[in-house]
There are 2 protein chains.
Amino acid sequence: MAGAGRVAGVVPQGAGQPVVVRALSLLGQFTEQRRALNLSELSRLAGLAPATTLRLARHLTEWGALEKLEDGRYVVGVRLWEIASLSPRGHGVRQIALPYLEDLYEVTRHHVLLAVREGSDAVLIDRLSSRTATEVAYRVGGRLPLRTTAVGQVLLAHAGPELQAEVFAQPGGAEPGSGSMPAKDLRAALAGVKHSGAAVVRRTHPSRTVSVAAPVHGADGDVVAALSIVVPDAATPAHELVPLVRAAARAISRNLGHQAKASGAWRHPPSTPSAVSGTP
Amino acid sequence: MAGAGRVAGVVPQGAGQPVVVRALSLLGQFTEQRRALNLSELSRLAGLAPATTLRLARHLTEWGALEKLEDGRYVVGVRLWEIASLSPRGHGVRQIALPYLEDLYEVTRHHVLLAVREGSDAVLIDRLSSRTATEVAYRVGGRLPLRTTAVGQVLLAHAGPELQAEVFAQPGGAEPGSGSMPAKDLRAALAGVKHSGAAVVRRTHPSRTVSVAAPVHGADGDVVAALSIVVPDAATPAHELVPLVRAAARAISRNLGHQAKASGAWRHPPSTPSAVSGTP
DNA sequence: AAGTGACTTTTCACTGAGTGAAAAGTACGA
DNA sequence: TCGTACTTTTCACTCAGTGAAAAGTCACTT
């Protein structure tokens, strides 16, 4: 593959990456702000030749990963959404956690968040919010920074040292309204998070809020997700929320098979379809 | 690409399909029952050589479409889930419809479903259910038949004639508890659905239920989704539910930009980020 | 009607990315 | 120690994928 057109001796290929990755990178160009892209946008953003982009986009469309609108633009397809709903760390934890999130929400009537780690970010898996609660910055499916959010700090505190080092090395601190925390302070904060079993983060933007997050453990003891509640500052003091959030997080962990005679839970659905698989 | 190993003149490749599609077909092997697959299962199910499967699975993993567990098995990754959450017909309609689904649920306390069409099936986009409501057969992200479900009949009634023909040609009728409807009766039923603006379907399995579904229209007038309520038989008579469901469906349609001076809605997020994009 | 600019799609000669049989490595149980 | 099943590496072969260029399409402008 990869030719130089008609003239010989020209630059061969677009990238050193395999076709499959290049095709997937097209999917990666879609964002919250850019939910529909035309061919030239896709081509430009992904850095691929138009002809190549067209062919790949067609293959993706053929399978259902993309859909083509009548105006020629492409959007992410339902088929992809369908497959993605099988993601254990996506809809999987969500299904198990949902009832507990609802309990927490019913009791407090504030925002309740569930997030998992993906690379050096957190991804928001679910959010319950009343229309009257304070404004929140993040949407389901969106990414959150690890440094400046409560869920992020919980996930970071329990992550491997390599990841922590990577995050510390990042520029960071640019998040508005959270006060750019010096690297040393953050390291200390993470230690505190690990000991206390909860992270407390204050923000001033987009509104004055306090977030309290706690870790959710999987069957093997790893931290697989973080649960958090976001309340307006000056509401219930944080130290009263900590036990509430920790208790809910523990309940979810137990349902995931944590410390429960290694029942397998969502890590072994074929043998024990008890936990994740069912329709509640 | 595609070689015959060392010996010359042997069958060349695994399939006539492009690499990208073959890679995506690996994703397609994951189902509700099989959320984690090892290499040989993937290889066998997809009909690809082990070496090829390994390479493709690695590429998918590299990008995040798959994740590899410590036991060597693969699962669908959060990155894919993240991208899929940008699907206008997936999370897109869901976001807009959710408040109305909630209203319907609050008022009736029965199952509320939202589904879109994907190929010759319906895909369940969202479901609200109390723990006390009747049993339902389907899960979010799962597929529903078009012939035998209320949402399916709504989607089918408003689909193009080619699709209708295709569905009529299928074996069908094998769904338990819905009474295999003769093709002619179904065709008549669909006409009724189109006129009355609602589909009513009775089931006896897994429990005795009545479903009432109504169409949701997009900005351009097409039916983009179907909304339905599922109540135990002998509860509120169906004819009383029809106006309720239709009203909710119309409210959602309006929010999608239906008949509202072609505001664009979710089909044109870049220009008018009003509807789908926001975090409610 | 003819011209302009931007986008999509087709064409085609070239070649290295992808292929899969076979072999080697790994893990587990008898 | 041997046997079985799965994962991973190797490697000679070649065709699927590539992208520059050209052609087609569409919406505006003059």
Side-chain angles (χ1 to χ4, degrees), chain A residues 1-26 29 34 36-63 65-75 268 270-271, chain B residues 1-26 29 34 36-63 66-75 262 268 270-271:
Chain A
M1 324 175 150
R6 245 139 262 177
V7 192
V10 200
V11 281
Q13 31 165 352
Q17 298 220 298
V19 216
V20 176
V21 175
R22 253 176 293 164
L24 292 170
S25 86
L26 288 182
Q29 304 309 322
R34 315 187 148 272
L37 296 170
N38 61 24
L39 190 67
S40 41
E41 286 170 327
L42 267 177
S43 161
R44 228 174 294 133
L45 290 167
L48 298 174
T52 302
T53 309
L54 177 65
R55 187 164 15 81
L56 295 180
R58 271 181 183 160
H59 295 159
L60 291 168
T61 306
E62 178 186 334
W63 185 79
L66 291 180
E67 291 174 9
K68 196 173 187 182
L69 304 179
E70 319 82 65
D71 64 4
R73 294 186 304 166
Y74 295 89
V75 294
H268 307 94
S271 45
Chain B
M1 331 176 140
R6 244 138 265 179
V7 192
V10 199
V11 280
Q13 33 165 350
Q17 296 221 298
V19 215
V20 176
V21 175
R22 254 175 291 165
L24 291 169
S25 87
L26 289 182
Q29 305 309 322
R34 315 186 148 272
L37 297 170
N38 60 24
L39 190 67
S40 42
E41 285 170 327
L42 268 178
S43 161
R44 227 174 295 131
L45 290 168
L48 299 174
T52 301
T53 308
L54 176 65
R55 187 165 14 83
L56 295 180
R58 271 181 182 160
H59 295 160
L60 291 168
T61 306
E62 178 186 334
W63 184 81
L66 291 181
E67 291 173 10
K68 196 173 187 180
L69 303 179
E70 317 82 69
D71 64 2
R73 294 186 303 167
Y74 295 89
V75 294
H268 307 96
S271 44

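Naming: A, B, ... by sequence-line order, numbering from 1 per chain. These numbers come from the heavy atoms of this one structure, side chains and all, not from hydrogens, waters or symmetry mates. Everything quoted here is computed from the prediction, not taken from an experiment.
- With sequence neighbours excluded, the residues that form a side chain to side chain donor-acceptor pair (under 3.5 Å) with B:Glu67 are A:Arg89.
- Set against C:dT8, C:dT19, C:dG18, the side chain of B:Leu56 has C:dT19 as its closest nucleotide.
- Comparing B:His59 and A:Gly72 against DNA chain C, the residue whose closest nucleotide sits nearer the 5' end is A:Gly72.
- We find that CG of B:Leu48 is positioned 14 Å from P of C:dG18, with the value rounded to whole Å.
- Each of D:dC6, D:dA20, D:dT9 was ranked by its minimum atom distance to the side chain of A:Ala51; first place goes to D:dA20.
- When the P atom of C:dC28 is taken as reference, atom CG of B:Asn38 falls 14 Å away, rounded to whole Å.
- Considering only the side chain of A:Lys68, C:dT9 comes nearest among C:dT9, D:dT18, C:dT19.
- Contact annotation: A:Arg55 does not reach the phosphate of D:dG19 (side-chain N/O to OP1 or OP2, under 4.0 Å).
- Listed candidates were D:dG17, D:dT9, D:dG19. Nearest to the side chain of B:Leu54 is D:dT9.
- B:Arg22 has no side-chain polar atom (N or O) that falls below the 4.0 Å cut-off from OP1 or OP2 of D:dA16.
- With sequence neighbours excluded, no residue satisfies side chain to side chain donor-acceptor pair (under 3.5 Å) with A:Thr61.
- Atoms CG (B:Leu66) and P (D:dT7) sit 14 Å apart, rounded to a whole Å.
- Here B:His59 contributes atom NE2 and A:Gln17 contributes atom CD; the two are 9.0 Å apart, rounded to the nearest 0.5 Å.
- Within the nucleic acid shown, A:Thr52 comes within 4.0 Å of at least one base atom, counting heavy atoms only.
- Between B:Arg58 and the phosphate of D:dT9, there is a side-chain N or O to OP1/OP2 separation shorter than 4.0 Å.
- Remark: the backbone N or O of B:Leu26 is not paired with any side-chain donor or acceptor of B:Gln29 at under 3.5 angstrom.
- Counting only heavy atoms from C-beta on, B:Arg44 has its side chain closest to D:dC6 among D:dC6, C:dT19, D:dG19.
- Counting to the nearest Å, the P atom of C:dT8 and the CG atom of A:Leu37 are 11 Å from each other.
- To the nearest angstrom, P of C:dT9 lies 7 Å from CG of A:Leu39.
- Note that CG of B:Leu56 is 10.0 Å distant from CG of B:Leu42, once rounded to the nearest 0.5 Å.
- To the nearest angstrom, C1' of D:dC6 lies 15 Å from CG of B:Leu45.
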